[in-house]
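Order of the sequence lines sets the chain letters (A, B, ...), proteins ahead of strands, with each chain counted from 1. What's counted below: heavy atoms across the whole structure, side chains too, no hydrogens, waters or symmetry copies.
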Number of protein chains: 2
Amino acid sequence: MTRTRQAVLGLLESTKYPLSPSELYARLKKQNVAIDLVTVYRNLHALKAIGVVRQIKLHQEEQFRYEMEEGREHHHHIRCKSCGKIEDLLLCPLKKLTALIEQETRFLVGDHSLEFSGWCPKCQ
Amino acid sequence: MTRTRQAVLGLLESTKYPLSPSELYARLKKQNVAIDLVTVYRNLHALKAIGVVRQIKLHQEEQFRYEMEEGREHHHHIRCKSCGKIEDLLLCPLKKLTALIEQETRFLVGDHSLEFSGWCPKCQ
DNA sequence: TGCTATTTGCAATTTAATTGCATTAAATGA
DNA sequence: TCATTTAATGCAATTAAATTGCAAATAGCA
Ligand SMILES: [Mn+2]
Ligand SMILES: [Mn+2]
Ligand SMILES: [Zn+2]
Ligand SMILES: [Zn+2]
């Protein structure tokens with residue numbers, strides 16, 4: 001547990017929405033944490049491997065994002081098309097649907113990915 | 001409308017699931033269509049711009065996929081974690097949910113993206 | 001402190017996608 | 001039909017996120 005890894009973790013813990021590697025990198029620099037971008041990538045990879053962080057890919061974006069696993073159950077996100085603001089959706093409306101899809105497709109359903117986009121209050 | 005563009009279109013029309021640029025390229029080569037990969041990309045870009053094809057990004061994959069717009073209303077996909085088989089889901093369960101999410105988040109909801117993954121009949 | 005296993009920084013690499021540019025093919029219409 | 005304009009193509013180079021090799025630095029521990 002190096003000081004750079006602690007800085008990465010601390011930033012993820014204190015942010016309510018998922019962060020991209022380059023966002024993390026920029027904020028750590030602003031906090032005067034000396035860290036290389038590739039180290040951010042490697043820390044995120046390691047933290048994901050041990051189940052501490054969760055990797056998220058939003059449909060409208062090119063980079064991955066990461067958020068803490070702890071205390072954040074399975075949920076989905078909504079993203080503003082204008083300013084990029086990302087917010088958690090606390091509900092998951094799809095649990096009931098799985099059986100229906102299994103019937104229809106004969107697949108055995110594992111996961112799902114769901115996200116919304118639109119316009120946040122400020123951008124409407 | 002060049003012969004290469006017609007070949008790309010024909011392949012998309014005759015395939016029931018979305019194709020990636022490299023899949024298209026490989027199949028066109030097998031059909032002895034002389035075409036460069038970058039031309040496949042440019043044709044897909046152009047066809048998307050005029051609303052003929054739809055671009056899809058599946059959460060588990062690194063490449064985009066493309067399917068015809070015509071005759072295929074808004075729908076979602078399921079992908080096999082084992083063999084990669086992709087199938088259409090004909091229903092969209094989320095129309096009713098939009099109002100609820102708008103209430104909760106104060107966002108104005110535009111689009112959504114939804115996909116399932118699991119195991120297809122052959123891979124179970 | 002000294003030793004070992006990890007982590008880090010820097011440079012190079014990978015892969016999907018995009019762009020510049022000269023060449024080729026399509027399309028228009030006289 | 002043929003000349004002229006317009007758009008598409010092939011090849012090489014580039015971009016951007018992510019990954020990897022490797023030597024140097026650091027953490028954890030005796
Ligand atoms: Mn979240
Ligand atoms: Mn489809
Ligand atoms: Zn916004
Ligand atoms: Zn399968």
Of the candidate nucleotides D:dA18, D:dC11, C:dT8, which contains the atom at the shortest distance from the side chain of A:Thr39? C:dT8

From CG of A:Asn43 across to P of D:dT20 the rounded distance in Å is 16 Å

Figure out the NE2/C1' separation between B:His45 and D:dA7, and round it to whole Å. 14 Å

Find the distance A:Leu58:CG to D:dA17:P and express it as a whole number of Å. 15 Å

d(A:His59 NE2, B:Ile56 CD1) to nearest 0.5 Å is 8.0 Å

Whole angstrom value for the distance that separates P of D:dA17 from NZ of A:Lys57: 10 Å

Measure from CG on B:Leu37 to P on D:dA8 and round the result to the nearest Å. 18 Å

Taking 4.0 Å as the cut-off, does a side-chain nitrogen or oxygen of A:Tyr41 come that near to OP1 or OP2 on D:dA18? yes

May I have the step-by-step check of side-chain contact (heavy atoms from CB on, under 4.5 Å) for B:Ile86 and B:Glu61, ending in yes or no? CA-CA 11 Å; B:Ile86 297 162; B:Glu61 297 188 321; 4.3 Å; yes

Should we say atom NE2 of B:His75 is surrounded by more than 12 heavy atoms from elsewhere, each under 6.0 Å from it? yes

What's the closest nucleotide to the side chain of A:Asp36 if the choices are C:dA17, D:dA18, C:dC10? C:dC10

What distance separates A:Lys57 NZ from A:Glu62 CD, expressed to the nearest 0.5 Å? 8.0 Å

Rounded to the Å, how far apart are B:Leu24 CG and C:dA16 C1'? 15 Å

Please state how far atom CG in A:Leu44 lies from atom C1' in C:dT8, giving the value in whole angstrom units. 15 Å

Going 5' to 3' along nucleotides 21-30 of chain D, which nucleotides have protein heavy atoms under 4.0 Å from the base (write B), which only from the sugar-phosphate (write S), and which from neither (write -)? B-----SS--

Would you say A:Arg3 has more than 12 foreign heavy atoms packed within less than 6.0 Å of its CZ? no

Is there a donor-acceptor pair under 3.5 Å between the side chain of B:Gln55 and the backbone N or O of B:Lys48? no

Can you check whether B:Gln63 has a side-chain N or O nearer than 4.0 Å to OP1 or OP2 of C:dA17? yes

Remember a base hit wins even if backbone is also touched, and classify A:Ser22 as base, sugar-phosphate or nothing at under 4.0 Å, heavy atoms. nothing

Ignoring backbone atoms, test whether B:Ser20 places a side-chain nitrogen or oxygen under 4.0 Å from the OP1 or OP2 oxygen of C:dA16. no

Rounded to whole angstroms, how far apart are OH on B:Tyr25 and P on C:dT15? 16 Å

Side chains of B:Thr105 and A:Glu87: donor-acceptor distance under 3.5 Å anywhere? no

